[in-house]
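Small disclaimer: the values here were computed from a predicted structure and weren't measured.
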Amino acid sequence: MGKEELTPSESEWQVMEVLWGSKEPLTSSEVISRIKPESSMNPKMVRVLMNRLCQKGILAYRVDEKDSRIYHYYPLKTREECQREKSTRFVESYFGGNQMGAVAALLGSLELTKEEFGELENILKRSKEGSKKQ
């Protein structure tokens, strides 16, 4: 089996943001009504994207108890899981798996404030402490 993309595309991510932001499963009509107004996605496209997300194992649904034509969709993966997978694929695709090269390129392109540098230092410290435990 080839390297099939199992992370959300940019358009699929917009759909997932709606579902991640909901405390309960949503029908496709509810997702469509909650998609950002500035989005150029039409209802048919949203349904296609939701189907793809189900095929990728990111989204699932249950059939309505009263009406079998209505599906209630819910996320199988969290935003954090998808971000982690997307980051890993990005590093593999654009940096040949070189994590330090990816981090260096990202940091080189940012203009961080003192507060943001402090936040980054805390993230690095937590990451270092986490890797010591393993």
Side-chain angles (χ1 to χ4, degrees):
M1 184 180 225
K3 281 195 169 189
E4 188 177 339
E5 182 62 56
L6 296 176
T7 61
S9 68
E10 192 173 329
S11 298
E12 291 166 348
W13 202 278
Q14 290 179 45
V15 171
M16 289 307 299
E17 284 294 347
V18 171
L19 288 152
W20 285 323
S22 176
K23 299 207 183 309
E24 57 191 287
L26 300 173
T27 65
S28 58
S29 296
E30 291 169 327
V31 172
I32 290 164
S33 71
R34 295 180 188 191
I35 290 278
K36 293 179 181 175
E38 67 270 11
S39 171
S40 61
M41 286 191 273
N42 63 42
K44 183 177 181 182
M45 182 63 173
V46 172
R47 287 184 176 92
V48 167
L49 293 172
M50 291 175 74
N51 186 40
R52 283 190 201 154
L53 287 162
C54 288
Q55 291 171 357
K56 290 179 177 183
I58 299 169
L59 193 59
Y61 62 86
R62 63 174 168 74
V63 178
D64 191 274
E65 295 169 8
K66 298 178 183 133
D67 186 342
S68 62
R69 297 170 298 169
I70 297 175
Y71 294 179
H72 298 272
Y73 293 87
Y74 56 93
L76 288 176
K77 292 185 178 182
T78 65
R79 180 185 288 112
E80 292 74 21
E81 287 172 311
C82 288
Q83 286 171 334
R84 200 168 26 257
E85 290 172 13
K86 200 78 161 163
S87 297
T88 299
R89 288 198 62 108
F90 175 77
V91 171
E92 288 171 3
S93 297
Y94 295 98
F95 294 93
N98 181 338
Q99 296 174 348
M100 286 303 298
V103 170
L106 182 60
L107 286 174
S109 67
L110 299 176
E111 293 182 21
L112 300 174
T113 65
K114 280 187 176 183
E115 291 79 20
E116 290 168 331
F117 268 113
E119 194 175 323
L120 180 58
E121 287 171 343
N122 288 333
I123 291 168
L124 290 170
K125 184 179 178 184
R126 286 193 306 271
S127 179
K128 185 177 180 182
E129 290 168 358
S131 65
K132 285 181 184 176
K133 295 175 185 173
Q134 297 176 354

Quick check: are there more than 12 heavy atoms from other residues, nucleotides or ligands sitting under 6.0 Å from CD of Glu80?
yes
Atom NZ of Lys77 and atom CH2 of Trp20: how far apart are they, to the nearest 0.5 Å?
10.0 Å
As an exercise, state the distance from CD of Glu17 to SG of Cys82, rounded to the nearest 0.5 Å.
10.0 Å
To the nearest 0.5 Å, atom CD of Glu129 lies from atom NZ of Lys125 at 5.5 Å
Closest non-hydrogen atoms of Pro8 and Lys56, given as atom of the first, atom of the second and distance, are CA-NZ, 4.3 Å
Does any non-hydrogen side-chain atom of Leu120 lie less than 4.5 Å from one of Glu116?
no
Donor-acceptor contact present, side-chain Ser87 to main-chain Gln83, <3.5 Å:
yes
Do Arg52 and Ile58 make a side-chain contact, defined as non-hydrogen atoms from C-beta onward lying under 4.5 Å apart?
no
Between Tyr71 and Tyr61, what is the ring plane arrangement, given parallel below 30°, perpendicular above 60°, and tilted in between?
parallel
Hey, what do you get for NZ (Lys86) to OG (Ser93), rounding to the nearest 0.5 Å?
9.5 Å
Would Met50 and Val63 show up in the same hydrophobic cluster when neighbours are defined by side-chain heavy atoms closer than 4.5 Å?
yes
Met41 side chain reached by Leu49 side chain, heavy atoms, under 4.5 Å
yes
Evaluate whether atom CD of Gln99 has more than 12 neighbouring non-hydrogen atoms of other residues, nucleotides or ligands under 6.0 angstrom away.
no
May I have the step-by-step check of side chain to side chain contact (heavy atoms under 4.5 Å, CB included) for Arg47 and Ser29, ending in yes or no?
CA-CA 9 Å; Arg47 287 184 176 92; Ser29 296; 3.6 Å; yes
May I ask whether Phe117 and Ile123 are part of the same hydrophobic cluster, defined by side-chain heavy atoms of I, L, V, M, F, W, Y residues being less than 4.5 angstrom apart, directly or through others?
no
Shortest non-hydrogen contact from Glu85 to Leu6?
OE1-O, 4.1 Å
According to a hydrophobic-cluster definition based on side-chain heavy atoms being under 4.5 Å apart (Ile, Leu, Val, Met, Phe, Trp, Tyr only), do Leu107 and Leu124 belong together?
yes
Pro75 to Leu59 - nearest heavy-atom pair and separation:
N-CD1, 3.9 Å
Give, for atom OG1 of Thr78 and atom CE of Met16, the distance between the pair rounded to the nearest 0.5 Å.
9.0 Å
Where do Tyr74 and Arg62 come nearest, in terms of heavy atoms and distance?
CE2-N, 4.0 Å
Between atom NE2 of His72 and atom CG of Leu26, what is the distance when rounded to the nearest 0.5 Å?
9.5 Å
Decide yes or no for Glu81 and Arg84: does some side-chain heavy atom of the first lie under 4.5 Å from some side-chain heavy atom of the second?
yes
Ser109 side chain vs Leu106 backbone, donor-acceptor pair below 3.5 Å:
yes
Donor-acceptor pair, distance only, cut-off 3.5 Å: does the side chain of Ser22 make one with the backbone of Leu19?
no
